[in-house]
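Remember, predicted model here, so these are calculated numbers, not experimental data. Whatever order the structure lists them in is the order used to number ligands and atoms, beginning at 1.
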Amino acid sequence: MPKVFNTLSNQGQGEKSPEIKGIARRDFLKFCTITAASLGLPLNMGQAIADTITSKKRPPVIWVHFQECTGCTESLLRGTHPTIEHLILDLISLDYSETLMAAAGHQAEAALHKSIKENEGKFILVVEGSIPTKDNGVYCKIGGKTALSILEDIAPKAAAIVAIGSCASWGGLQSSKPNPTGAKGVPEIITDRPVITLPGCPASPYNLLSTVLYYLTLKKLPQLDDKGRPKFAYGTLIHDNCERRPHFDAGRFALKYGDEGHRQGWCLFQLGCKGPETHANCPVQLFGDVGSNAWPVGTGHPCFGCTEKGIGFEKPLHQTVDSVTPPLTYPKVGGTQQGKGMNAGGAAIAGVVAGAALTAGIKVTKALKEEETNS
Ligand code: SF4
């Protein structure tokens, strides 16, 4: 919820208001209400979420790192005001995290086993990274044990399991062909209980916060889709909330990086944008706190489908995808339709793009094909 956080930080400046976890009280309650709405809960659940955040009871969390780049943790830590990482780290008792804890070696191992023993059946297990399974998992070892054996040992003792990032969700980059280490995601190994997956490369820290808040407030898992992803975060296509969608609908596409269409902020479909096949809330939640375009498409890069197994790290970056949501209008080859701020050259480009899309045999929808036939 960066937009929310931006609002919070702006409104809080210069105001003398009691603070809750570093946030002005009024803004904190507003944040909780908006969080309830984004989770699909009644707005009056905002107070329950506020009570959860301010509760003294902090659920123990064991955060293990396997085969990964630590990008999800980095993403979490790169949050700025009012510091989502503080909200998360204040909310939980992070008993074990190789990246964040001060202890190392035998001390860290001791902390892990102590927490498991004292909190069996109560702790949340967060897994970051894929699990190599080939050759008995020898390609990732921690403290002399394979990631596979560590996961199989800890997972049955957890109250809930969260696989954060695409690697933990299904294998991510490491599982790309030819997948030399037999990398798998948590749900492929832990099959006898639900695993919440939060794919993304990196995963959105806001989705982790929302998931943890949901679980702690309602004492149950949020509604998940068939891939274990919370529906509140992964229930819609990126394409459906994308700010470039009007350009898609009008048939205005960037053809090359840096061309007129790209500079004008037109749709990146022709550059291989996987938004029409990818479910995630990136256009709504954004990443970090660096302005309204803080997500890949917002910065001019096509979505590469990192939240979808079989798309991110599998389909080549520039390969176009099927669109299940056709443009409402589509310019005729030669360009007869002009959008706002679109000059004759731009119209010509749109026409060329339209022609290129059609002649290249890119799969478009039935409606689009009918449009083509009629034109
Ligand atoms: S194809 Fe990509 S850039 Fe174009 S509207 Fe859809 S998500 Fe946005």
Side-chain angles (χ1 to χ4, degrees), residues 2-3 166 199-204 207 225 229 233-287 291-331 335 337-342 346-347 349-369 371-372:
K3 288 172 182 169
S166 303
C201 190
S204 164
N207 290 341
D225 68 11
R229 303 175 296 188
Y234 299 89
T236 54
L237 288 168
I238 280 182
H239 189 58
D240 290 345
N241 287 317
C242 179
E243 66 255 30
R244 296 183 189 230
R245 178 62 183 273
H247 294 296
F248 178 91
D249 289 343
R252 293 189 290 268
F253 301 101
L255 269 184
K256 283 196 305 188
Y257 291 99
D259 72 3
E260 176 68 14
H262 195 236
R263 287 201 296 277
Q264 294 281 351
W266 291 353
C267 174
L268 304 169
F269 181 75
Q270 295 284 358
L271 294 176
C273 183
K274 311 292 190 290
E277 284 191 342
T278 302
H279 293 84
N281 56 0
C282 309
V284 179
Q285 300 290 27
L286 309 180
F287 281 84
S292 59
N293 62 348
W295 70 295
V297 169
T299 63
H301 195 283
C303 161
F304 79 102
C306 67
T307 61
E308 295 288 350
K309 183 176 184 180
I311 299 181
F313 312 111
E314 290 292 341
K315 287 192 177 173
L317 193 60
H318 301 293
Q319 180 181 318
T320 49
V321 297
D322 290 350
S323 169
V324 293
T325 45
L328 299 176
T329 58
Y330 205 72
Q337 180 182 345
Q338 292 192 12
K340 191 179 172 192
M342 189 175 176
I349 289 170
V352 170
V353 173
L358 299 174
T359 54
I362 293 168
K363 291 178 188 172
V364 289
T365 63
K366 204 173 162 189
L368 184 55
K369 285 175 184 168
E371 179 91 18
E372 179 194 357

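Ion pairing between a basic and an acidic side chain is recognised when a charged N comes within 4.0 Å of a carboxylate O; Lys309 and Glu314 show no such pairing. A salt bridge between Lys274 and Glu277 is absent, with no side-chain N of the basic residue lying under 4.0 Å from a carboxylate O of the acidic one. With salt bridges taken as basic N to acidic carboxylate O contacts below 4.0 Å, one links Asp249 and Arg245. In this structure, Arg252 does not pair ionically with Glu260, as no charged nitrogen and carboxylate oxygen lie closer than 4.0 Å.
Of the options Leu268, Leu237, Thr320, the smallest heavy-atom separation from atom 3 (S) of ligand 1 is shown by Leu268.
The part of Pro276 lying near ligand 1 is the side chain, judged by heavy-atom distances below 4.0 Å.
Atom 8 (Fe) of ligand 1 has an N, O or S atom of Cys242 closer than 2.8 Å.
If you check which protein heavy atom lies closest to atom 4 (Fe) of ligand 1, you get Cys267 SG, 2.4 Å. The shortest contact between atom 2 (Fe) of ligand 1 and any protein heavy atom is with Cys273 SG, 2.3 Å. Atom 6 (Fe) of ligand 1 has His239 ND1, 2.1 Å as its closest protein atom, hydrogens excluded (heavy atom only).
Between Phe269 and Phe248, the angle of the ring planes goes over 60°, which puts this pair in the perpendicular group of the 30/60° scheme.
Looking at heavy atoms from C-beta onward, Pro296 lies out of side-chain contact with Cys303 at the 4.5 angstrom threshold.
The Gly275 neighbourhood of ligand 1 comprises atoms 7 (S), with distances under 4.0 Å to a heavy atom of that residue. Counting the atoms of ligand 1 from 1 in the order shown, those under 4.0 Å from a heavy atom of Arg245 are 5 (S).
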